[in-house]
Every structure is written in C-alpha cells, then in structure tokens.
Chemist: 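I am attaching a structure below and will ask some questions about it afterwards.
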Amino acid sequence: MHSAVLLIEFGSIILGLGLLGRFAARFRLSPIPLYLLAGLAFGEGGLLPLGASEEFIATGAEIGVILLLLMLGLEYTASDLVSNLKTHYPSGLVDCALNALPGAAVALLLGWGPVAAVVLAGVTWISSSGVIAKVLGDLGRVGNRETPVILSVLVLEDLAMAVYLPIVTALVAGVGLMAGSVTLAIALGAAGLVLFLALRYGRVISRFVSSDDPEKLLLVVLGLTILVAGVAQQLQVSAAVGAFLVGIALSGEVAEGAHTLLSPLRDLFAAVFFVFFGLHTDPSSIPPVLLPALGLAVLTALTKIATGYWAARRAGISVKGRWRAGGALVARGEFSIVIAGLAVSAGIEPSLGPLATAYVLILVVLGPLTARYTEPVATWWGRRREPRRPEPAPRATEAEAPVAD
C-alpha cells in the first residue's frame, strides 16, 4: 500500500510539473517560481501535505543539484577554469564585499551575535548556481558574451564554499580551533586534489569515460558524478563542487555527448529540487519575518546587480550585457538553505531559519524576473533620463519673411 501511495504522489508531482512547465513556456517565463509555489502548496502547512514520497523526493532533489552543477562544469575545461580564476578573482572579492556584509550587518542589528552574522552573510552572499543555470538556458543566453562572466562569478562562489562551509560547520558546532583547522584542511585538500586531477589528467579521464554507446556513456558519467559528489560531501566539501569539478575534468566529444544525454535528466531532477525546497517551507512561518526578509532581499538584489554590472564592465561587455549579467545573479537558493540549515540544526538562532527561508523564497522567485527584465528596464530608464534635444526652428520662407517698415 505504501508503494502504491508513493507512486501516485510522485506521478502526480511529475505530471503537475509538466503542466506548469508548459504553462510557463506559453508565456515565455521561467517555470521555477511555479515549481516553488507548487512545493508550498503540497508541503508542511500547505493545502495537501504529502508524506509517502518525501524521502524519495529529497533524494531526487539532491541529484537535481548535482546534475545542474555537472552541466555547468561541462561548459568549461580545466584550463578555462584556471584562466577565469586568474582573470576574474577581483569580481569575486567585490561580490563577497557587496553581498556578504549586508547579511552580517542585519544579523548584528537584530542582536543575533557573531556566529549568526557569519551564517547570514553566507546566505546573502551565494547566488544559486542551479537556478541561474536553469534561467540562462530558459532564456537562451548560454552563448551570450556576458555568460562567461556570470559563470565565473558563480564558479568563484562555489569554490569559496569549499572553504566557507567547513568554517561555518566548526563555528555552529562550537568545536575547538584544532578540530576546525583539520576539517578545513581536509576540505581544501580534497578540492585541490580533484582540480589537480582535472588539470593534469583530464584527457585520460575523458578517454576512460568515452564510449560510442550512448547507454554506457550515460551510465558511466552519471555514476562517476554521483560517486565523486558523495565522496566530496563525506569529506566536508560540497557535493555540488564535486559534481562541478567532474564536469570540468571531461572535455571534447565526451563532454558534448554527456551534455546531450543528461539534459533531460537534469531538467527533471532540477524541477524536483525546486518542488522539494517548497515542500520544506511552512507558509505560516513566513509572515512574521516577511518585512525584514523583504528589505534584505531588495538590498541584496541591488548589490548583486551592481556586482554583475561591475564584473561585466571589467570584462569589456556592452552596457546591455552588463545589466543582463547583474540581473542574472540575483537568485539565491540551494547553498543559502544549506548554510541556514547548519545554524538551525545547531540551535544558533530560532528566527534565522524562517528569515532565511523567506529571503531565499523571495529572491528565487524574483531572480528569473530580474534576469529577464533588468536590461530592458535599465534601457528604458536611461532613454527617459536623456535630455531631449530642442527641435530646430523652421527656416522662414520668402513668403513668410517679415516685411520691413
């Protein structure tokens, strides 16, 4: 009976996602906000809470994040990554300063203490690679000139998580300096090892994975990605970073073939991830923290737009591309929830969880809209502020010329 209920619930979810996706496509919108609202409707405190399929959906959601980051990694080679890190690291520093400090400041103003300030700084700093990757694909901007700048900022954030997450874990657990240092060293060593293997032996890995049979290629790439992601998470490195680095290690025909085969799976499990996010948000916990969450969301949406604009201008992108880059970076998502979850499970601050949930929900809905409309709105506003040139007075004709007295 339990398995029958699970199949009915999960089948209904997938069918509903398909219908929502078709509805969004009809109006040329990203389906992500609709997926989240569906999760709210069927989650804890929603209209019709689900029970039997929750654990299954949680696993699917985790696979969705892994596949989203793998597909991002397939867009780059290891040498591209190193080149981008060398070129765009100032953008990463600006990104951290503009977006982490508001979160830390709000936590301190609310009297939550320094540990909560570090946690909320991470929540407001990290954009959602998963949401942004999906939005760029939905809007057909993967080949745009500003897209490498956007991805470079995201890559720097994701790699920074390899350092940040162990630090936060140690802070919220209250462990000593020695234990925290060991955790951080393991995380950095694991991330460095995978990156070294991708740089040095990327071609060997690609040859090992390569196959003329699409079925075998799909199984090997998918299995390798999930295995590395699991090992990375076990070593206190984000599973998403592990999946991204696997994508970096694959290149050439293998990367192209894997991209084609995995795209439908990515779309399916990514949709499940967004529903899962909504399922674990109790709608009744949002109103008490809505006002501060909304204010923080508006502030950090503007700082993300400024970050993207600055990074794109530094890369020589046109003004329209700068606005598109800024608007695309606004969404927050999976990393923000993971960071807040660490603090909530440790009992750091009871109000931190609902605030982070409301904040992310606002920006994950707002993000696809800013990605689409920031550039046209900025262009319209710029034209409106341009001073109008006075029209030249018409030259008088002979017949209209004044007659001398």
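Atom set for the values below is all heavy atoms of this structure, side chains included, hydrogens, waters and symmetry mates excluded.
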Chemist: So, Thr374 side chain and Ala371 main chain: donor-acceptor pair closer than 3.5 Å or not?
Modeler: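 Side chain of Thr374 to backbone of Ala371: no pair is present.
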Chemist: Could you give the distance from OG1 (Thr370) to CZ (Arg324), rounded to the nearest 0.5 Å?
Modeler: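 Separation between the atoms: 13.5 Å.
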Chemist: Quick check for you: to the nearest 0.5 Å, what is the distance between Leu110 atom CG and Leu355 atom CG?
Modeler: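 It is 7.5 Å, given to the nearest 0.5 Å.
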Chemist: Work out which heavy atom in Leu98 is nearest to a heavy atom in Ala306; give both atom names and the distance.
Modeler: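 For Leu98 and Ala306, the tightest heavy-atom pair comes out as CD1-CB, 4.3 Å.
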Chemist: Side chains of Trp310 and Pro90: does their closest heavy-atom pair fall under 4.5 Å?
Modeler: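 Of all side-chain heavy-atom pairs linking Pro90 with Trp310, at least one is under 4.5 Å.
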Chemist: For Thr300 and Asn99, which I'm curious about, is there any donor-acceptor pair between the side chains at under 3.5 Å?
Modeler: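 Not at all, the side chains of Thr300 and Asn99 share no donor-acceptor pair under 3.5 Å.
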Chemist: Could you tell me which residues satisfy salt bridge (charged side-chain N to carboxylate O under 4.0 Å, His left out) with Lys216, sequence neighbours excluded, listed by chain and number?
Modeler: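 Only Asp213 meet the salt bridge (charged side-chain N to carboxylate O under 4.0 Å, His left out) criterion with Lys216.
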Chemist: Which heavy-atom pair separates Ala315 from Val149 by the least distance, and what is that distance?
Modeler: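 Shortest heavy-atom contact: CB-CG2, 3.7 Å.
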Chemist: Is Asn144 close to Ile150 at the side-chain level, that is, under 4.5 Å between some pair of heavy atoms?
Modeler: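 No - every pair of side-chain heavy atoms lies 4.5 Å or more apart.
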Chemist: So which atom in Ala328 and which in Ile132 form the shortest heavy-atom distance, rounded to 0.1 Å?
Modeler: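 So the two residues come closest at O-CG1, 3.1 Å.
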Chemist: What are the two closest heavy atoms between Leu34 and Ala24, and how far apart are they?
Modeler: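 For Leu34 and Ala24, the tightest heavy-atom pair comes out as CD1-CB, 4.0 Å.
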Chemist: Return the CD1 to OG1 distance between Ile63 and Thr225, rounded to the nearest 0.5 Å.
Modeler: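 Spacing of CD1 (Ile63) from OG1 (Thr225) equals 11.5 Å.
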Chemist: Just verifying a value: how many Å separate Trp323 CH2 and Glu375 CD, rounded to the nearest 0.5 Å?
Modeler: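 Going from CH2 on Trp323 over to CD on Glu375, the span is 10.5 Å.
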Chemist: Is there side-chain contact between Leu154 and Leu329, with heavy atoms separated by less than 4.5 Å?
Modeler: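 Side-chain contact under 4.5 Å: yes.
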Chemist: Give the minimum heavy-atom separation between Val153 and Ser91, together with the two atoms involved.
Modeler: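 Looking at all heavy atoms of both residues, the shortest contact is CG2-CB, 4.4 Å.
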Chemist: Any ring-ring contact (aromatic ring centres under 6.0 Å, His included) pairs touching residues 135-160, not counting sequence neighbours?
Modeler: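 Applying ring-ring contact (aromatic ring centres under 6.0 Å, His included) to every pair that reaches into residues 135-160, excluding sequence neighbours, yields nothing.
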Chemist: When you compare the side chain of Leu363 with that of Val131, does any pair of heavy atoms fall below 4.5 Å?
Modeler: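 Of all side-chain heavy-atom pairs linking Leu363 with Val131, none is under 4.5 Å.
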Chemist: Identify the residue among Leu219, Leu218, Val221 that makes a side chain to side chain contact (heavy atoms under 4.5 Å, CB included) with Leu261.
Modeler: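 Checked Leu219, Leu218, Val221 against Leu261; only one passes side chain to side chain contact (heavy atoms under 4.5 Å, CB included): Leu218.
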Chemist: Would you check if the side chain of Ser336 reaches a backbone N or O of Arg332 as a donor-acceptor pair within less than 3.5 Å?
Modeler: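 Not a single qualifying donor-acceptor pair exists.
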Chemist: How long is the straight-line distance from CG of Leu352 back to CH2 of Trp112, given to the nearest 0.5 Å?
Modeler: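 With rounding to 0.5 Å, CH2 (Trp112) is 5.0 Å from CG (Leu352).
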Chemist: Please report the shortest heavy-atom distance between Val272 and Ile14, naming the atom on each side.
Modeler: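 Nearest heavy atoms, Val272 then Ile14: CG2-CD1, 4.2 Å.
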Chemist: Just grab all the salt bridge (charged side-chain N to carboxylate O under 4.0 Å, His left out) pairs involving residues 289-304, residues at least two apart or on different chains.
Modeler: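 Pairs touching residues 289-304 that pass the test: Asp95-Lys304, Glu157-Lys304.
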Chemist: Contact between Leu265 and Leu262 at the side-chain level, heavy atoms closer than 4.5 Å - yes or no?
Modeler: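 Yes, at least one pair of side-chain atoms sits under 4.5 Å.
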Chemist: Any sub-3.5 Å donor-acceptor pair from Tyr164's side-chain atoms to Gly122's backbone N or O?
Modeler: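 Pair found, side chain donor or acceptor close to backbone of Gly122.
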Chemist: Mind checking the CG-CZ spacing from Leu19 to Phe23? Nearest 0.5 Å is all I need.
Modeler: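 Leu19 atom CG to Phe23 atom CZ measures 11.5 Å (nearest 0.5 Å).
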Chemist: Would you say the side-chain atoms of Arg322 pair up with the backbone N or O of Ile317, donor to acceptor, closer than 3.5 Å?
Modeler: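 Between the backbone of Ile317 and the side chain of Arg322 there is a qualifying donor-acceptor contact (under 3.5 Å).
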